[in-house]
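Taking it in order: structure first as structure tokens, then the write-up.
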2 protein chains.
Amino acid sequence: MYHANMALEPNTRESVAQMLRAHGITPTHQRIEIALVLFERCWHPSADQILTAVNVRYAETSKATVYNTLKLFLDKGLVRELIVDPNKVFYDSNTSAHHHFYDMSSGEITDIPAEGVRIDGLPPLPAGMVTAGVDIIVRTRPGI
Amino acid sequence: MYHANMALEPNTRESVAQMLRAHGITPTHQRIEIALVLFERCWHPSADQILTAVNVRYAETSKATVYNTLKLFLDKGLVRELIVDPNKVFYDSNTSAHHHFYDMSSGEITDIPAEGVRIDGLPPLPAGMVTAGVDIIVRTRPGI
DNA sequence: AGATCGGATTAGACAGAGTCCAAAATTCAA
DNA sequence: TTGAATTTTGGACTCTGTCTAATCCGATCT
């Protein structure tokens, strides 16, 4: 059951709704809440973290809806999947080209802007294949 | 030091046992079978594929042992984890530096030798951090 | 307003990967 | 061969994610 959160500016909700519409997504209450959580700050939450964040006050959004919505956002190019951890997928609301640091000890993910990063010497793609994306993951750990 | 990529050499149980000893691993029957499966050819099996391959004739190795052994091999630097698919981890018996093509439609993984591949313009690591590895994943899909 | 209709949401059962544990089996040095 | 230490095991368990059938909106039409 949806409960309106009057503490937040209707402005923010309305602008998120417009962004969703601009991407061909019907803006429902749950989708707006999930988008707010995704875009409120620079982080890389898992589906479970999003579910928790959306439901801090009351349980108003189900697990299935979070997964449905994340898949929808993914299809519409609103978020990116980050596959760096064997246990779960993280979602990246920064859709501009970039790469990642992944701190293997803490799980923390940090963006690396793609400007200035260049990869040379990659072999040609296998025949009939097209590049869907190039990810660089720099795995780090605490030094000496 | 034993050469990690033994795909071109005929592997006997005894030679595999020696390699395991050389890496500080007690060579048990199960570990030898798993190593044979891992190194018999150039592939990137999941834990489940390894379990199946080891038990083609009859069940002789348990799931728990496959996971224990893969973790042990990982610790000892005998294999690498490949995290490219949200659903499962693949294991890479080629421990020389290289990157990967990942065909998102078929799940097929192809090695990219690291020689000749150069990455320029990566920012400095976060303070106190050390690089544990740099992975490039070129995600591909069937073209037009 | 009320009725309708299709998309969105839901609970909860389900599936698959991987972990954990205590008991049983195996290894290896003596 | 013996026995302590290491390894293996089945099975229960956790966790992430999927599926489905029922229900719930919410926009549009009378």
Side-chain angles (χ1 to χ4, degrees), chain A residues 1-4 13-14 16-18 20-21 23-37 44-55 58-76 78-91 104 107, chain B residues 13-14 16-18 20-21 23-37 44-55 58-76 78-79 81-91 107:
Chain A
M1 194 72 61
Y2 177 75
H3 297 269
R13 267 176 222 295
E14 189 44 47
V16 165
Q18 279 170 21
L20 294 183
R21 275 190 213 97
H23 282 82
I25 298 169
T26 305
T28 65
H29 297 307
Q30 290 87 343
R31 289 171 181 174
I32 290 170
E33 294 305 315
I34 291 168
L36 282 170
V37 162
H44 304 87
S46 65
D48 189 61
Q49 285 176 299
I50 292 165
L51 178 61
T52 301
V54 165
N55 290 335
Y58 314 90
E60 56 186 16
T61 303
S62 72
K63 186 173 64 156
T65 296
V66 168
Y67 280 100
N68 288 345
T69 301
L70 286 172
K71 189 174 290 181
L72 179 66
F73 285 5
L74 190 65
D75 282 351
K76 300 296 186 179
L78 224 58
V79 299
R80 239 167 84 181
E81 278 183 342
L82 266 185
I83 303 171
V84 292
D85 181 286
N87 299 311
K88 60 186 73 145
V89 174
F90 295 104
Y91 290 86
M104 301 171 75
Chain B
R13 284 180 170 70
E14 188 45 45
V16 166
Q18 280 171 21
L20 295 183
R21 275 191 210 98
H23 285 265
I25 298 170
T26 305
T28 65
H29 295 311
Q30 289 87 344
R31 289 171 180 173
I32 289 171
E33 293 306 314
I34 291 168
L36 281 170
V37 162
H44 304 86
S46 66
D48 190 61
Q49 285 176 299
I50 292 166
L51 178 61
T52 302
V54 165
N55 290 334
Y58 46 95
E60 56 185 16
T61 302
S62 72
K63 185 174 64 156
T65 296
V66 168
Y67 280 100
N68 288 344
T69 301
L70 286 172
K71 189 174 292 182
L72 179 67
F73 285 6
L74 190 64
D75 282 350
K76 301 296 186 177
L78 224 59
V79 299
E81 278 184 342
L82 266 186
I83 304 170
V84 291
D85 182 285
N87 299 312
K88 60 187 74 147
V89 174
F90 295 104
Y91 290 87

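In the text below, chain A, chain B and the rest are named by the order of the sequence lines, each starting its count at 1.
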Quiz item: What's the closest nucleotide to the Arg31(A) side chain, out of dA8(C), dT9(D), dG18(C)?
Solution: dA8(C)
Quiz item: For nucleotides 19-30 of chain C, read 5' to 3', which letter fits each nucleotide if B means a protein heavy atom sits under 4.0 Å from the base, S means only the sugar-phosphate is that close, and - means neither?
Solution: BB------SS--
Exercise. Under the salt bridge (charged side-chain N to carboxylate O under 4.0 Å, His left out) rule, collect the residues that match up with Arg31(A), sequence neighbours excluded.
Key: none
Exercise. Find the distance Asp85(A):CG to dG17(D):P and express it as a whole number of Å.
Key: 10 Å
Exercise. Provide, to the nearest angstrom, the distance between the NZ atom belonging to Lys88(B) and the P atom belonging to dT18(D).
Key: 13 Å
Quiz item: For Arg13(B), what residues pass the side-chain contact (heavy atoms from CB on, under 4.5 Å) criterion, not counting sequence neighbours?
Solution: Ile32(B), Glu33(B), Leu36(B)
Practice problem: May I have the distance from Phe90(B) (atom CZ) to dG18(C) (atom C1'), rounded to whole angstrom? | Solution: 15 Å
Can I get a per-line list of side-chain donor-acceptor pairs under 3.5 Å for residues 67-75 of chain B, giving both atom names and the distance, sequence neighbours left out?
{"unit_1": "Asn68(B)", "atom_1": "ND2", "unit_2": "Ala64(B)", "atom_2": "O", "d": "3.4"}
{"unit_1": "Thr69(B)", "atom_1": "OG1", "unit_2": "Thr65(B)", "atom_2": "O", "d": "2.7"}

Quiz item: Please give, in whole Å, the distance from dT9(C) C1' to Ile32(A) CD1?
Solution: 15 Å
Exercise. With sequence neighbours excluded, tell me which residues meet side-chain contact (heavy atoms from CB on, under 4.5 Å) with Val89(B).
Key: Pro86(A), Glu81(B), Tyr91(B)
Quiz prompt | Below 4.0 Å: OP1/OP2 of dT10(C) and any side-chain N or O of Ser62(A) | solution = yes
Quiz item: Of the non-hydrogen atoms in Glu14(B) and Arg21(B), which two are nearest, and what is the gap between them?
Solution: OE2-NH1, 3.9 Å
Exercise. For Ala47(A) and for Thr61(B), locate the closest nucleotide of DNA chain D by heavy-atom distance; then report the residue assigned to the nucleotide nearer the 5' terminus.
Key: Thr61(B)
Self-check item: Worked check of side chain to side chain contact (heavy atoms under 4.5 Å, CB included) between Lys88(A) and Asp48(A)
Solution: CA-CA 9 Å; Lys88(A) 60 186 73 145; Asp48(A) 189 61; over 6 Å; no
Exercise. Dump the intermediate steps for side chain to side chain contact (heavy atoms under 4.5 Å, CB included) on Thr61(A) and Val66(A), then the final yes or no.
Key: CA-CA 7 Å; Thr61(A) 303; Val66(A) 168; 4.0 Å; yes
Quiz item: Which of the following nucleotides, dT9(D), dG18(C), dT10(C), is nearest to the side chain of Val89(B)?
Solution: dG18(C)
Exercise. Measure the distance from CG on Leu72(A) to P on dT9(C) and round it to the nearest whole Å.
Key: 9 Å
Practice problem: For the residue pair Thr26(A) and Leu20(A), establish whether any side-chain heavy-atom pair is separated by less than 4.5 Å. | Solution: no
Self-check item: Length of the line joining Glu81(B):CD and dG18(C):C1', which is rounded to integer Å
Solution: 11 Å
Self-check item: Residue closer to the 5' end of DNA chain C, Thr69(A) versus Asp48(B) (nearest nucleotide)
Solution: Thr69(A)
Quiz item: Given axes from five pairs at either end, by how many degrees does the helix from dA1(C)-dT30(D) to dA30(C)-dT1(D) bend, rounded to 10°?
Solution: 10°
Quiz prompt | Between C1' of dT8(D) and CG of Leu51(B), the distance in whole Å | solution = 13 Å
Exercise. Mind listing the closest non-hydrogen atom pair of Ala35(A) and Val16(A) along with its distance?
Key: CB-CG1, 3.6 Å
Exercise. Could you state the atom-to-atom distance from CD of Glu60(A) to C1' of dA8(C) in whole Å?
Key: 15 Å
